[in-house]
Amino acid sequence: MLRLFIITPMTFQQLLQGAEVLSQSGNPGVAGVEYDSRRVRPGTVFVAMKGETSDGNRFIDQAIALERWRWSRTRRRKRRVPAVAWRRLRMAEGAGAAERKFYRHPAERIANTGITGTNGKSTTAFLIESIFKAAGRKTALVGTIEYHVAGKILPAPHTTPEALELNRLLAEGLSLGVTEAVMEVSSHALEQQRVFGIPFDVAVFTNLTRDHLDYHGTMEEYFRAKQMLFEGCGTDAPRAAVVNTDNEYGRQLFETLPEEERGGAFLRHGCGRFSCRVG
């Protein structure tokens with residue numbers, strides 16, 4: 001991964017300013033943010049969250065012990081143990097807050113296009129990125145096949161990365177002059193709030209077919225997850241929407257987008273049909 005950007009130092013309390021805090025202790029300087037306890041270093045904030053298959057809270061002691069071992073190993077004579085600061089947050093308030101704050105809210109300084117749907121996300125993302133490139137813009141792309149940052153190609157572990165990796169990638173792009181980001185936004189990412197706090201200028205819906213019901217349970221819940229992108233993920237709703245109305249769920253989505261939420265701009269398309277309105 002690229003590491004060309006510079007992060008301005010901040011304290012623990014500055015990092016989580018604005019989040020609803022249930023309890024807290026300590027205010028050290030912050031040198032990094034991690035989800036993986038094995039990557040914790042002195043000064044790192046370890047974000048412990050309950051995920052789909054594992055619970056980060058189970059690894060808090062491991063993160064503390066690892067930092068303690070590294071500290072004592074490099075300072076054998078003193079054998080001191082660094083203080084541990086902590087905060088408990090409400091998930092709805094704290095989702096991605098530390099990640100966005102640490103990287104200085106990079107998404108707010110980039111024009112973001114989010115694409116969701118069962119099929120066609122990757123094709124649509126690559127097409128939109130190619131249009132931006134043809135217009136002379138520097139781009140970032142996040143998707144199933146690979147990630148792009150200002151022309152650099154990176155492996156894609158997930159269609160939509162966790163909030164930490166997403167904000168890190170956008171910060172890297174910003175430092176390299178990226179002005180436009182195109183993201184495939186999966187239903188899992190929306191449900192798990194990975195893009196919470198990311199302001200999308202444009203939201204695109206390709207289609208919805210039977211898939212991921214092992215996770216969502218019903219088609220209605222699957223559709224509801226996709227719909228979140230068009231309502232704003234902890235932000236204002238996108239200023240423009242592009243919806244495929246040849247799909248049953250696309251028509252349903254289109255009918256739920258009142259003009260005031262679309263900012264007066266929308267585009268609907270289907271086989272042999274194309275209409276656009278800009279208020």
Side-chain angles (χ1 to χ4, degrees), residues 1-8 10 15 30-36 38-41 44-47 49 51-52 56 94-116 121-133 137-204 228-229 232-235 238:
M1 293 287 285
L2 300 169
R3 290 290 184 272
L4 300 178
F5 54 93
I6 298 173
I7 300 299
T8 305
M10 66 181 69
L15 177 69
V30 174
V33 179
E34 293 292 349
Y35 289 169
D36 189 337
R38 296 166 297 183
R39 299 178 65 178
V40 168
R41 299 291 188 276
T44 301
V45 172
F46 173 54
V47 181
M49 299 183 297
E52 185 179 351
E99 299 87 326
R100 296 192 304 275
K101 190 69 176 287
F102 184 72
Y103 290 107
R104 303 293 180 182
H105 301 275
E108 295 180 4
R109 291 173 280 165
I110 295 174
N112 304 292
T113 298
I115 304 156
T116 198
K121 294 190 298 296
S122 296
T123 300
T124 304
F126 275 80
L127 287 171
I128 293 174
E129 186 195 32
S130 70
I131 293 171
F132 285 138
K133 285 183 175 180
R137 309 288 181 85
K138 277 195 176 182
T139 62
L141 179 142
V142 172
T144 307
I145 299 172
E146 59 196 21
Y147 302 158
H148 299 170
V149 182
K152 302 290 185 180
I153 299 176
L154 307 170
H158 304 284
T159 296
T160 312
E162 295 286 354
L164 175 60
E165 292 301 326
L166 180 56
N167 280 275
R168 184 179 287 161
L169 183 146
L170 293 176
E172 291 167 355
L174 197 61
S175 72
L176 295 170
V178 165
T179 59
E180 316 283 341
V182 183
M183 306 182 207
E184 294 183 45
V185 186
S186 68
S187 57
H188 290 71
L190 288 160
E191 188 74 33
Q192 296 168 10
Q193 298 187 321
R194 296 182 202 169
V195 293
F196 191 88
I198 302 293
F200 287 97
D201 291 88
V202 180
V204 181
M228 293 178 189
L229 180 64
C233 305
T235 66

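In this text the structure is predicted, and so the values were computed from the model without any measurement.
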*Asks:* Can a donor-acceptor pair be found, under 3.5 Å and without considering hydrogens, that links the side chain of N112 to the backbone of A107?
*Replies:*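 Side chain of N112 to backbone of A107: a pair is present.
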*Asks:* Quick one about T139 and E129 (side-chain donor to acceptor, distance below 3.5 Å, no hydrogens or angles considered), yes or no?
*Replies:*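 Yes, because at least one side-chain N or O of E129 sits under 3.5 Å from a partner of the opposite role on T139.
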*Asks:* Can you measure from CD1 (I128) to OG1 (T123) and round to the nearest 0.5 angstrom?
*Replies:*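 Rounded to the nearest 0.5 Å, the CD1-OG1 separation comes out at 11.0 Å.
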*Asks:* Among E99, R100, K101, which one satisfies side-chain contact (heavy atoms from CB on, under 4.5 Å) with L15?
*Replies:*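 In the set E99, R100, K101, the residue that makes a side-chain contact (heavy atoms from CB on, under 4.5 Å) with L15 is K101.
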*Asks:* State plainly whether the residues E180 and K133 are in salt-bridge range, i.e. N to O under 4.0 Å.
*Replies:*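 No, no charged N to carboxylate O under 4.0 Å.
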*Asks:* Report the C-alpha separation of L166 and V142 in whole Å, then their side-chain angles, then the decisive distance to 0.1 Å, and conclude whether the side-chain contact (heavy atoms from CB on, under 4.5 Å) test is met.
*Replies:* CA-CA 8 Å; L166 180 56; V142 172; 4.1 Å; yes
*Asks:* Just by distance, do the side chain of S130 and the backbone of L127 share a donor-acceptor pair under 3.5 Å?
*Replies:*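 Side chain of S130 to backbone of L127: a pair is present.
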*Asks:* How close do P238 and A203 get, counting heavy atoms only, and between which atoms?
*Replies:*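 Minimum heavy-atom contact is CG-CB, 3.7 Å.
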*Asks:* First locate atom CD1 of I115, then atom CG of L141, and finally report the distance between them rounded to the nearest 0.5 Å.
*Replies:*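 Going from CD1 on I115 over to CG on L141, the span is 7.5 Å.
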*Asks:* Taking all non-hydrogen atoms of both residues into account, name the closest pair between F126 and H148 and its distance.
*Replies:*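 Of all heavy-atom pairs spanning F126 and H148, the closest is CE2-CE1, 3.6 Å.
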*Asks:* Of the non-hydrogen atoms in A150 and L176, which two are nearest, and what is the gap between them?
*Replies:*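 Looking at all heavy atoms of both residues, the closest pair is CB-CB, 3.9 Å.
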*Asks:* Roughly how far, to the nearest 0.5 Å, is the NZ atom of K121 from the OG atom of S186?
*Replies:*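 Result: 7.0 Å between the selected atoms.
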*Asks:* Give the minimum heavy-atom separation between L190 and V195, together with the two atoms involved.
*Replies:*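 So the two residues come closest at CD2-CG2, 3.9 Å.
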*Asks:* Got C233 and Q193 here, is their nearest side-chain heavy-atom distance under 4.5 Å?
*Replies:*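 SC-SC contact between C233 and Q193 ruled out.
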*Asks:* Is there a side-chain contact (heavy atoms from CB on, under 4.5 Å) between V185 and F200? Walk through the geometry before answering.
*Replies:* CA-CA 11 Å; V185 186; F200 287 97; 3.9 Å; yes
*Asks:* Would you give the length of the straight line joining atom CD1 of I153 to atom CD of E146, rounded to the nearest 0.5 angstrom?
*Replies:*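 One gets 4.5 Å once the value is rounded to the nearest 0.5 Å.
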*Asks:* Between R194 (side chain only) and T160 (backbone N and O only), is there a donor and an acceptor less than 3.5 Å apart?
*Replies:*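 Checking the backbone N and O of T160 against the side chain of R194, a donor-acceptor pair under 3.5 Å is found.
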*Asks:* What are the two closest heavy atoms between D36 and F46, and how far apart are they?
*Replies:*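 Heavy atoms only, the tightest pair is C-CE1, 4.0 Å.
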*Asks:* What's the spacing between I198 CD1 and M183 CE if we round to 0.5 Å?
*Replies:*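 So the CD1 of I198 and the CE of M183 are separated by 5.5 Å.
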*Asks:* Please lay out, stage by stage, how H105 and R109 fare under the test side-chain contact (heavy atoms from CB on, under 4.5 Å).
*Replies:* CA-CA 8 Å; H105 301 275; R109 291 173 280 165; 5.6 Å; no
*Asks:* Atom OH in Y147, atom CD in E184: separation rounded to 0.5 Å?
*Replies:*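 Y147 OH to E184 CD: 9.5 Å, rounded to 0.5 Å.
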*Asks:* Where do A163 and N167 come nearest, in terms of heavy atoms and distance?
*Replies:*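 Taking every non-hydrogen atom into account, O-ND2, 2.8 Å.
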